[in-house]
2 protein chains.
Amino acid sequence: MAKRPTIKELAAEAGVSVGTASRVINKHPNVGEAVLRKVNEAIERLGFTPDSAAQSMRGGTTRSIGIIIRDITVPALASFTRAAQDTLEEAGYVLIVLCSTDSKERELELLDVLRKRRVDGLIMATSSERDPDVLAACERLELPILLLDREYPKDWDAVLVDHEAGMEEAMDHLLSLGHCRIGLVTGQPTVRPSRARTEGYRRKLEEAGIAYDPALVRTGGFDLNSAFFEASALLSLQDRPTALIAGGINMLGGAIRAIRAARLSVPGDISLIGSADTELAMFSTPPTNVISHDAAEQGRLSAQLILNRLAGRSGPDPHRLTLSSQYVMRGSCAPPAKSG
Amino acid sequence: MAKRPTIKELAAEAGVSVGTASRVINKHPNVGEAVLRKVNEAIERLGFTPDSAAQSMRGGTTRSIGIIIRDITVPALASFTRAAQDTLEEAGYVLIVLCSTDSKERELELLDVLRKRRVDGLIMATSSERDPDVLAACERLELPILLLDREYPKDWDAVLVDHEAGMEEAMDHLLSLGHCRIGLVTGQPTVRPSRARTEGYRRKLEEAGIAYDPALVRTGGFDLNSAFFEASALLSLQDRPTALIAGGINMLGGAIRAIRAARLSVPGDISLIGSADTELAMFSTPPTNVISHDAAEQGRLSAQLILNRLAGRSGPDPHRLTLSSQYVMRGSCAPPAKSG
DNA sequence: TTGTACGCGTTATCAG
DNA sequence: CTGATAACGCGTACAA
């Protein structure tokens with residue numbers, strides 16, 4: 001549609017050879033003063049920009065990296081992506097964002113899209129760490145992979161979050177308030193965050209000498225609807241929990257909806273804790289306590305790690321970073337109501 | 001890093017010429033039964049995928065389209081992007097998402113990134129329709145542009161939202177409730193949505209025979225902080241408004257924060273209306289009335305329009321679609337408190 | 001310091 | 001129906 005000037009035209013315009021033009025473009029040291037100026041002027045005049053497809057072909061690198069996440073619509077993932085995007089862009093890379101909706105089939109399709117595009121690297125938060133097909137597809141890519149809060153039986157870089165610590169703080173708080181029946185809604189144990197949260201939950205219960213009641217822990221999808229469904233199940237128990245932890249970055253809304261549907265009030269009837277510091281948590285009434293981590297920082301670090309890897313600046317062994325998680329106290333937790 | 005098989009290797013593996021291999025890959029009709037099978041088997045064996053950089057160079061098209069938005073972190077924009085992404089991916093395209101933070105300089109930089117990448121099309125929601133530099137930079141791209149809720153003095157396709165209608169419904173409601181002093185916080189008039197909302201606001205005021213009070217309308221950035229700042233200013237007026245409309249898709253949080261800071265309650269002290277149907281609006285207490293539109297549909301349509309344009313299926317004149325906006329009633333509006 | 005020429009992986013054209 | 005070959009735009013080794 002729009003024919004952009006090629007390096008050949010640029011060379012002609014500047015009265016030099018294509019080789020020289022190329023050297024100027026790539027800032028080679030050995031270029032004559034006068035020639036440099038001539039070519040730069042021509043670049044300006046023509047509005048020349050090297051064709052990155054041709055550069056890719058020549059250099060064997062696309063300067064693009066792919067990311068597969070559940071859903072860009074989830075605030076924490078958007079923050080992550082935004083930060084990664086910005087960091088990568090500074091380094092001349094571009095991010096290709098793909099959403100899997102937590103579906104294995106979709107993940108495989110998207111991996112194939114990225115394969116065709118010859119991305120230089122991949123940031124991935126798979127829906128299941130235990131799926132051999134996805135694992136195989138990732139390996140087949142043969143490129144630097146950065147795992148987003150996931151653990152694989154592979155030597156891949158990763159940026160993890162210490163969900164356990166935040167969960168333990170939250171549990172300490174609830175227990176100190178006198179809660180004994182604490183409900184937990186989280187995702188499948190096939191992903192690290194679910195396991196870490198459950199782990200922290202169990203440990204604190206044990207420490208407090210409270211028996212673990214499997215009926216109080218419900219796992220499902222990480223989405224709003226699952227959260228609503230599982231939380232509702234918990235709330236309709238005859239001996240319902242006096243506190244509820246939404247153990248997923250996008251589950252708070254579902255939990256609130258369930259609480260509302262059950263005509264319960266926070267924190268009077270039930271204490272509530274979310275797992276990401278969203279607008280909803282900040283501006284809900286009462287403001288909701290959350291176990292949160294810095295998603296933007298996570299994005300920056302992820303980008304940095306993969307850039308390092310691509311630049312060959314990382315050694316042979318995997319780089320694993322762990323971000324801390326904090327328990328943020330607001331107004332959604334109180335001592336349990338005295339049971340009648 | 002990872003050397004993928006080329007079409008030449010594929011041809012060798014299958015015992016045919018590269019031309020034939022190419023024909024099989026691209027599903028040309030004239031290929032012999034046996035050869036077809038041989039090549040397909042070889043593709044399978046080698047895990048061959050055509051290099052899209054090479055395809056781009058050959059075909060002059062990258063099958064990628066760029067999108068410049070304010071911030072992917074804004075829920076409505078994330079929904080939009082997600083839907084556009086999915087639609088484009090189905091058609092074999094990829095979306096390159098770039099965030100401008102509403103900065104003109106950043107927009108120019110990002111336009112240049114897309115220029116280098118030779119994207120085939122652009123979806124854009126610029127921070128100002130009146131900036132000649134941005135306009136010029138867009139034109140210089142010489143490619144199909146789809147405007148996202150923006151108006152330019154150019155023949156570009158666009159998907160617009162009828163913000164006016166939703167605003168009028170909202171105003172009707174507030175006026176019928178008896179509100180006379182209605183505050184409006186929105187963005188700069190350099191973008192269409194701000195103008196449309198203000199327009200609807202003024203018209204309804206006029207219809208109701210209420211004088212337009214400029215002190216009640218504050219414009220600034222579309223971000224949370226601006227919303228907080230402007231809303232706070234409104235709330236600290238000696239004769240403060242009895243209702244507040246947050247006229248931007250990401251302003252509700254700021255408005256709520258301002259209301260909270262002023263120790264006012266919704267809807268007792270002040271009625272509140274937002275401009276996008278977010279989790280915050282749905283799960284706030286009380287649930288917030290909003291003027292909303294279907295951002296996902298907007299994304300789908302945008303993708304479709306630009307795909308049509310790229311396929312040459314659109315005529316010479318611009319295609320402009322307008323989505324309706326709806327006023328959603330929940331619990332955040334009530335009659336004004338009787339002033340003491 | 002500068003110019004020439006080749007090859008990167010594809011697709012399309014043209015013979016056969 | 002199939003094979004050979006040119007061309008896309010660029011970077012670089014090599015020659016001058």
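We name chains A, B, ... by the order of the sequence lines, and we start the count at 1 in each one.
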How many whole angstroms separate atom [atom1] of [X] from atom [atom2] of [N]?
X: B/Ile7; N: C/dG9; atom1: CD1; atom2: P; result: 11 Å
X: B/Met57; N: D/dC10; atom1: CE; atom2: C1'; result: 8 Å
X: A/Arg58; N: D/dA7; atom1: CZ; atom2: C1'; result: 17 Å
X: A/Asn30; N: D/dA13; atom1: CG; atom2: P; result: 13 Å
X: A/Lys8; N: C/dT4; atom1: NZ; atom2: P; result: 12 Å
X: B/Asn26; N: C/dG9; atom1: CG; atom2: P; result: 17 Å
X: A/Glu9; N: D/dC8; atom1: CD; atom2: P; result: 10 Å
X: B/Arg4; N: C/dG9; atom1: CZ; atom2: C1'; result: 14 Å

Exercise. From the options B/Val119, B/Thr87, B/Leu307, B/Thr62, select the one residue that forms a side-chain contact (heavy atoms from CB on, under 4.5 Å) with B/Tyr93.
Key: B/Leu307

Would you say a side-chain N or O of [X] is under 4.0 Å from OP1 or OP2 of [N]?
X: A/Ser22; N: D/dG11; value: yes
X: A/Gln55; N: D/dG11; value: yes
X: B/His28; N: D/dC1; value: no
X: B/Thr20; N: D/dG3; value: yes

Exercise. Name the residue closer to the 5' end of DNA chain D, choosing between B/Gly59 and B/Leu36 according to the nucleotide with the nearest heavy atom.
Key: B/Leu36

Quiz item: Starting at the 5' end of DNA chain D, which residue's closest nucleotide do you reach first, B/Ser17 or A/Ile25?
Solution: B/Ser17

Quiz item: Which nucleotide in the set C/dT10, D/dC1, D/dC10 lies at the smallest distance from any side-chain heavy atom of A/Asp51?
Solution: D/dC10

Quiz item: Want to settle it: does B/Arg23 or B/Thr49 sit nearer the 5' end of DNA chain C, counting the closest nucleotide to each?
Solution: B/Thr49

Quiz item: Where each residue is assigned the nucleotide of DNA chain C containing its nearest heavy atom, which of A/Pro29 and A/Val18 is assigned the position nearer the 5′ end?
Solution: A/Pro29

Practice problem: Remember a base hit wins even if backbone is also touched, and classify A/Gly19 as base, sugar-phosphate or nothing at under 4.0 Å, heavy atoms. | Solution: base

Quiz prompt | Salt-bridge present (A/Lys104, A/Glu107; N to O < 4.0 Å) | solution = no

Quiz prompt | A/Asp51 and A/Arg4 ion-paired at < 4.0 Å | solution = no

Exercise. Check whether any side-chain heavy atom of B/Val16 sits under 4.5 Å from a side-chain heavy atom of B/Arg23, and report yes or no.
Key: no

Quiz item: If you look at every heavy atom in B/Pro318 and B/Arg309, which pair is closest and at what distance?
Solution: CA-NH2, 3.9 Å

